[in-house]
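This report concerns only the one structure given below.
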Amino acid sequence: DLFVTWSDEGIPNGAPYSCVCVMEPDGPGNMGDFGGENAAGAWTLLVEDSMSSANGGSLESWCLRIFAGGSLFLRGDANGDGAVVPLVDAIFILNWQFTDGPEPPCLDAADVDGSNATLALVDGLYLLQWSFVDGPPPPSPGAEVCGADPDGEAADGPDCATPPDGCNP
């Protein structure tokens with residue numbers, strides 16, 4: 001029951017390993033050491049069960065996601081609270097456009113239809129249509145899994161550099 005994401009910004013490596021959490025790697029070195037390296041080639045995963053329990057264990061699945069820069073966001077999380085709540089986020093987008101409300105902290109997150117333009121009426125209605133009348137879901141990275149901008153560029157907006165809580169590569 002190990003569900004850990006390794007990141008230099010995680011909690012220190014150590015028990016309990018039964019958490020669903022982000023943890024620092026146990027070195028030598030850190031994840032940042034791979035910056036600028038080519039990700040192509042063979043990858044090897046070494047798994048060692050050093051616990052003295054008699055219950056055994058097995059590796060059922062694992063994945064390697066290469067985060068190649070840019071910013072992480074949830075498409076549709078217009079208010080930057082780390083969750084897509086369609087009615088709340090749609091109202092936030094419309095309020096920004098039509099009542100001079102606060103600007104979305106990450107414009108790419110407010111670009112719900114993925115058009116590379118944040119148009120409040122279009123994006124607000126897209127979010128409502130997806131949620132309430134079975135319209136198409138927001139495109140990659142999507143509204144449920146945090147991800148990087150698919151065009152490979154840094155996300156637009158002053159707070160895109162800091163992903164919302166729970167949004168980890």
Side-chain angles (χ1 to χ4, degrees), residues 1-25 30-32 34-35 39 61-169:
D1 296 328
L2 178 63
F3 300 96
V4 175
T5 298
W6 302 104
S7 171
D8 292 335
E9 287 78 40
I11 62 174
N13 187 346
Y17 292 105
S18 60
C19 67
V20 176
C21 56
V22 179
M23 201 174 275
E24 289 178 343
N30 58 44
M31 302 302 282
F34 294 101
S61 67
W62 72 282
C63 70
L64 175 67
R65 291 189 299 169
I66 306 295
F67 179 60
S71 302
L72 301 177
F73 63 96
L74 288 167
R75 193 172 302 278
D77 178 20
N79 64 2
D81 67 357
V84 177
V85 180
L87 187 58
V88 172
D89 288 301
I91 290 171
F92 187 92
I93 293 170
L94 295 168
N95 185 40
W96 163 57
Q97 181 71 45
F98 296 109
T99 66
D100 204 26
E103 180 175 322
C106 180
L107 292 176
D108 278 356
D111 177 19
V112 182
D113 66 352
S115 66
N116 289 327
T118 304
L119 305 170
L121 188 57
V122 172
D123 290 304
L125 291 175
Y126 190 102
L127 192 55
L128 293 172
Q129 181 184 21
W130 165 64
S131 181
F132 295 107
V133 292
D134 206 24
S140 179
E144 296 172 357
V145 177
C146 179
D149 199 344
D151 64 14
E153 297 178 9
D156 298 321
D159 288 343
C160 290
T162 304
D165 288 342
C167 189
N168 299 296

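If you're wondering where the values come from, they're calculated on a predicted model, not measured in any experiment.
Scanning all heavy atoms of the two residues, the minimum distance from D113 to P139 falls at O-CG, 3.5 Å. Smallest separation of non-hydrogen atoms from F73 and D108: CE1-O, 3.5 Å. Taking every heavy atom of both residues into account, V84 and A143 meet most closely at CG2-O, 3.4 Å. Contact record, P104 with W96: CD-CD2, 3.3 Å, taken as the closest heavy-atom pair.
With rounding to the nearest 0.5 angstrom, the CG atom of L127 is 8.5 Å from the CZ atom of F132. The structure places CG of N79 at 11.0 Å from CG of N95, a figure rounded to the nearest 0.5 Å. To the nearest 0.5 Å, atom CD of residue Q97 and atom CZ of residue F92 are 12.5 Å apart. To the nearest 0.5 Å, atoms CG (N116) and CG (L107) are separated by 11.5 Å.
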| message | Please determine whether side chain to side chain contact (heavy atoms under 4.5 Å, CB included) holds for the pair V112 and D89, giving the CA-CA distance in whole Å, both sets of side-chain angles, and the decisive distance to 0.1 Å. | response | CA-CA 10 Å; V112 182; D89 288 301; over 6 Å; no
| field | Step-by-step salt bridge (charged side-chain N to carboxylate O under 4.0 Å, His left out) determination, R75 to D111 | value | CA-CA 7 Å; R75 193 172 302 278; D111 177 19; 3.8 Å; yes
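The backbone N or O of A109 lies less than 3.5 Å from no partner atom in the side chain of D77, so there is not a single donor-acceptor pair.
Applying the side-chain hydrogen bond (donor to acceptor under 3.5 Å, both in side chains) test to every pair with at least one member in residues 117-131, sequence neighbours left out, gives no pairs at all.
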